[in-house]
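Accompanying notes for the structure given below.
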Amino acid sequence: MKDKLHLLLDNCIEKGSEVDLSALAHVLEGFQKKIDNKYTQYIDGLLHMERKIDKEKKICEIKVPLNEVWNNSLDIVHGGITATLLDTVMGTAINAVLPEGFGAVTNQLNIHYIAPGIGDSLQCKAEIIHHGSKTVVISGEAFRSDGKKIAHATGTFFIIQK
């Protein structure tokens, strides 16, 4: 496997443009942070997530730097990346307040895209609306670096025993 990876990486470095190499460096830096245990999940490392959790207020914030890797063919952040960030910030907020031995998984996620994801970074915020015994309803918002809201989401999460 190591030889295959060396060949693949060497080929990408040899043939890649400056934009390609910047994107590759971004991905590898995030992957390295996961390997170094600065992140618990690969997606956190790949997106370079910074998280803030306030358990008392039942809110969470995530900030990520933007990179060409996450863009669609229109050169704006792919909607799937925005959806991933919103799902993650909402799930993190819920999981932070659940008792030991329980977790939350997405049941339904509704996203309204409002503006293109452009700029230097995206920041997402989530706040719990209703916390029942089996489900949690939560809202989330995504903002670009100039402060413009790019998406609004609501979600329902099942509470499960781990």
Side-chain angles (χ1 to χ4, degrees), residues 19 22-34 37-162:
V19 171
S22 173
L24 179 61
H26 185 82
V27 170
L28 290 174
E29 288 164 3
F31 199 84
Q32 183 65 56
K33 288 178 183 178
K34 164 60 175 96
N37 294 315
K38 293 180 181 168
Y39 293 110
T40 57
Q41 300 171 19
Y42 289 109
I43 193 72
D44 295 7
L46 291 172
L47 293 173
H48 297 258
M49 287 186 192
E50 296 175 25
R51 294 183 201 220
K52 292 181 192 173
I53 302 168
D54 187 328
K55 290 182 182 184
E56 277 186 30
K57 293 181 181 176
K58 299 180 180 181
I59 61 173
C60 179
E61 295 182 18
I62 290 178
K63 185 175 182 180
V64 298
L66 294 184
N67 187 278
E68 294 85 4
V69 173
W70 320 129
N71 288 353
N72 64 19
S73 61
L74 299 174
D75 208 28
I76 59 175
V77 174
H78 191 286
I81 296 298
T82 304
T84 297
L85 292 171
L86 286 164
D87 184 57
T88 301
V89 75
M90 292 191 292
T92 300
I94 297 166
N95 281 297
V97 300
L98 291 177
E100 186 71 29
F102 290 88
V105 294
T106 310
N107 173 31
Q108 183 175 7
L109 181 62
N110 301 306
I111 302 174
H112 300 273
Y113 295 96
I114 300 166
I118 56 173
D120 299 323
S121 62
L122 290 183
Q123 183 169 349
C124 296
K125 298 177 184 180
E127 182 176 9
I128 295 173
I129 298 169
H130 168 75
H131 188 167
S133 61
K134 296 182 181 181
T135 62
V136 177
V137 179
I138 189 162
S139 68
E141 299 174 307
F143 300 87
R144 57 190 194 196
S145 52
D146 66 2
K148 176 97 173 151
K149 185 190 293 188
I150 67 162
H152 179 85
T154 56
T156 303
F157 286 69
F158 283 127
I159 298 171
I160 60 168
Q161 194 163 6
K162 292 182 182 179

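Nearest heavy-atom pair, I129 versus I138, reported as atom, atom and distance to 0.1 Å: CD1-C, 3.9 Å. Taking all atoms of both residues into account, the shortest heavy-atom contact from A151 to T82 is CB-CG2, 3.9 Å. Between I159 and H131, the closest heavy-atom pair is CD1-NE2, 3.8 Å. Here the closest non-hydrogen pair linking I150 and P116 is CG2-O, 3.4 Å. The two atoms that bring H152 and I114 nearest to each other are N-CD1, 4.1 Å, heavy atoms only.
With sequence neighbours excluded, the residues forming a side-chain contact (heavy atoms from CB on, under 4.5 Å) with A96 are I53, K55, listed by chain and number.
A distance of 11.5 Å separates CD of Q161 from CG of L98, quoted to the nearest 0.5 Å. Considering CZ of F102 and CD1 of I160, their distance stands at 10.0 Å, rounded to 0.5 Å. Here the NZ-CD distance, from K57 to E127, works out to 10.0 Å after rounding to the nearest 0.5 Å. One distance of note links CG of L66 with CD1 of I118; it measures 9.5 Å at 0.5 Å rounding. For the atom pair CG of L122 and OG of S145, the computed distance is 8.0 Å after rounding to the nearest 0.5 Å. Atoms CD1 and CG, on I81 and N72 in that order, are 10.5 Å from each other to the nearest 0.5 Å.
The environment of Y42 atom OH is sparse: at most 12 non-hydrogen atoms of other residues, nucleotides or ligands sit within 6.0 angstrom.
Remark: K34 is not positioned above the aromatic ring of Y39, lacking an NZ or CZ atom under 6.0 angstrom from the ring centre and at most 45 degrees off the axis.
The aromatic rings of H26 and W70 sit perpendicular, their planes meeting at an angle over 60°, well past the 30° parallel limit.
Between F158 and T135, the closest side-chain pair of non-hydrogen atoms falls below 4.5 Å. V137 places none of its side-chain heavy atoms less than 4.5 Å from the side chain of T154.
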**Q.** N71 and I76: CA distance, side-chain angles, deciding distance, side chain to side chain contact (heavy atoms under 4.5 Å, CB included) verdict
**A.** CA-CA 5 Å; N71 288 353; I76 59 175; 5.6 Å; no
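For the side-chain hydrogen bond (donor to acceptor under 3.5 Å, both in side chains) condition, the pairs that include at least one residue of residues 114-125, sequence neighbours left out, are E61-Q123.
The existence of a salt bridge linking D146 and K148 is excluded, since no basic side-chain nitrogen approaches an acidic carboxylate oxygen closer than 4.0 Å.
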Atom pairs and distances, side-chain donor-acceptor, residues 83-95, under 3.5 Å, sequence neighbours left out:
residue : atom : partner : partner atom : Å
T84     : OG1  : G80     : O            : 2.8
D87     : OD1  : T106    : OG1          : 2.5
T88     : OG1  : T84     : O            : 2.7
T92     : OG1  : R51     : NH1          : 2.4
T92     : OG1  : T88     : O            : 2.7
N95     : OD1  : A104    : N            : 2.9
N95     : ND2  : G91     : O            : 2.9

